[in-house]
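When reading the values below, keep in mind they use all heavy atoms of this one structure, side chains included, and skip hydrogens, waters and symmetry mates.
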Amino acid sequence: MTADATETRTVTVYTDYKSPYAYLAKDLAYELERDFAVRLDWLPYDLDLADFMGSARVDAAGRVLEEQRTAHQWRRVRYSYMDCRRQARKRGLVIRGTQKIWDSKIALCGMLFAKRHGDAVLRRYHDIVFERFWRRELDIEDPIVVAEVLAEAGSDTAGFRTYLKEGRNELESICKAAEAIGVFGVPTFVLDGELFWGREHLPDIREMLGAAS
């Protein structure tokens with residue numbers, strides 16, 4: 001036995017609402033808390049999608065209105081959404097391709113704000129934002145909309161609008177600290193100082209947690 005069976009360990013999870021891969025990993029991450037003496041420490045990581053996937057804007061019918069993508073980037077984007085939708089269908093989830101590169105900073109600040117109100121509020125906030133955003137039913141760039149989701153999740157939203165400036169600074173600090181330890185994408189899990197990028201590594205994390213129980 002490498003750890004006390006009663007010891008609660010921490011798995012840090014870096015996530016971003018504009019990543020379909022992060023959405024697909026969310027519920028699987030929850031299962032770690034169900035199955036092991038572990039606490040998930042959710043942290044935001046603001047992806048720069050345009051940096052590696054280019055940018056584009058399409059209309060509701062999928063017609064390209066403007067683009068800054070190479071043919072290679074388009075192939076990668078189309079495959080990524082096709083694969084995510086395929087995996088989502090297996091679990092009854094809906095993932096609709098986005099019509100632009102979204103700025104998720106306000107929603108990620110909302111995540112930090114929800115975190116201050118307890119795990120139950122944070123989990124509910126996660127669930128609402130991920131599900132509605134990927135159904136194209138939620139504007140994650142609108143602070144009023146994000147505040148409404150916070151309230152629905154059970155958070156006291158007094159002070160949220162004034163928190164946003166502080167929240168942006170906090171978000172930037174978290175992202176810089178994440179990059180300092182090697183984080184570059186989401187979902188990224190950190191256990192005992194070891195990084196795992198992608199939900200496909202959750203079996204490795206489960207094995208590590210099981211070996212310590």
Side-chain angles (χ1 to χ4, degrees), residues 1-47 49 52 80 83-95 104 107-131 133-134 149-150 153-155 170-213:
M1 182 178 294
T2 59
D4 191 306
T6 63
E7 178 185 353
T8 299
R9 302 170 76 187
T10 298
V11 176
T12 302
V13 188
Y14 289 96
T15 193
D16 187 355
Y17 298 116
K18 63 179 178 283
S19 165
Y21 294 104
Y23 182 24
L24 290 172
K26 172 180 66 71
D27 291 342
L28 301 178
Y30 288 162
E31 292 175 2
L32 296 177
E33 288 186 315
R34 181 196 67 191
D35 297 339
F36 301 97
V38 67
R39 172 183 173 270
L40 300 180
D41 182 19
W42 292 91
L43 290 175
Y45 183 73
D46 184 22
L47 287 173
L49 291 177
F52 64 95
S80 295
D83 187 47
C84 285
R85 286 193 295 269
R86 177 167 54 198
Q87 299 306 316
R89 282 195 297 270
K90 295 178 182 179
R91 293 162 51 193
L93 303 176
V94 174
I95 290 179
S104 58
L108 293 175
C109 287
M111 171 184 160
L112 293 171
F113 194 82
K115 192 174 180 180
R116 294 181 172 192
H117 292 80
D119 291 343
V121 171
L122 176 60
R123 180 176 287 208
R124 180 63 178 145
Y125 178 80
H126 271 330
D127 291 345
I128 295 171
V129 174
F130 269 122
E131 179 180 359
F133 176 71
W134 286 103
V149 173
L150 283 165
S155 171
E170 187 178 353
L171 173 62
E172 183 178 356
S173 296
I174 290 170
C175 291
K176 286 181 178 178
E179 289 163 0
I181 63 171
V183 175
F184 61 90
V186 298
T188 292
F189 305 88
V190 185
L191 175 61
D192 298 340
E194 191 169 352
L195 271 66
F196 300 86
W197 176 49
R199 71 188 187 283
E200 63 270 25
H201 293 294
L202 281 166
D204 298 318
I205 295 171
R206 297 181 71 89
E207 183 177 349
M208 290 173 65
L209 294 170
S213 63

Closest heavy-atom pair and its distance - Ala29, Leu202: N-CD1, 4.4 Å
Value rounded to 0.5 Å, distance of CG in Asp204 from CG in Leu191: 10.5 Å
Polar side chain donor-acceptor pair, Glu131 to Tyr23, under 3.5 angstrom: no
Where at least one partner belongs to residues 185-199, residue pairs that pass side-chain hydrogen bond (donor to acceptor under 3.5 Å, both in side chains), sequence neighbours excluded: Arg9-Asp192
Side chain to side chain donor-acceptor pair (under 3.5 Å) between Tyr30 and His126, intermediate numbers included: CA-CA 11 Å; Tyr30 288 162; His126 271 330; 5.3 Å; no
Whether over 12 other heavy atoms sit under 6.0 Å from Glu207 CD: no
Pairs involving residues 85-94, ordered by first then second residue, that meet salt bridge (charged side-chain N to carboxylate O under 4.0 Å, His left out) (sequence neighbours left out): Asp83-Arg86
CD-CG distance between Glu200 and Leu28, expressed to the nearest 0.5 angstrom: 11.0 Å
Main-chain N/O of Ala107 paired with Ser104 side-chain donor or acceptor, under 3.5 Å: no
Nearest non-hydrogen partners of Tyr45 and Val183, listed with the distance: OH-O, 3.8 Å
Listed once per pair and sorted, the salt bridge (charged side-chain N to carboxylate O under 4.0 Å, His left out) pairs that draw on residues 115-125, sequence neighbours left out: Glu33-Arg123, Asp41-Lys115, Arg116-Glu166, Arg116-Glu170, Arg124-Glu152
Atom pair CG (Asp27) and CZ (Phe130), whose distance is rounded to the nearest 0.5 Å: 9.5 Å
Rounded distance (nearest 0.5 Å) linking atom CG of Leu122 with atom CG of Leu112: 9.0 Å
Residue pair Tyr125 / Val149, side-chain heavy-atom distance below 4.5 Å: yes
Val38 and Thr8, any side-chain heavy atoms less than 4.5 Å apart: no
Leu195 to Gly182 - nearest heavy-atom pair and separation: CD2-C, 3.6 Å
Interatomic distance, Cys175 atom SG to Asp46 atom CG [nearest 0.5 angstrom]: 5.5 Å
Pairwise side-chain contact, Ile95 with Trp134, heavy-atom cut-off 4.5 Å (strictly under): yes
For Ala114 against Leu150, the heavy-atom pair lying closest together: CB-CD2, 3.7 Å
Considering all heavy atoms, the nearest Gly185-Leu47 contact: CA-CD2, 3.7 Å
Within-4.5 Å side-chain heavy-atom neighbours: Val129 and Met111: no
Validation row: Val11, Arg39 side chains within 4.5 angstrom (heavy atoms): no
Shortest non-hydrogen contact between Pro44 and Tyr14, atoms and distance: O-CD2, 4.2 Å
Spacing of NZ belonging to Lys176 relative to CG belonging to Leu171, to within rounding of 0.5 Å: 11.0 Å
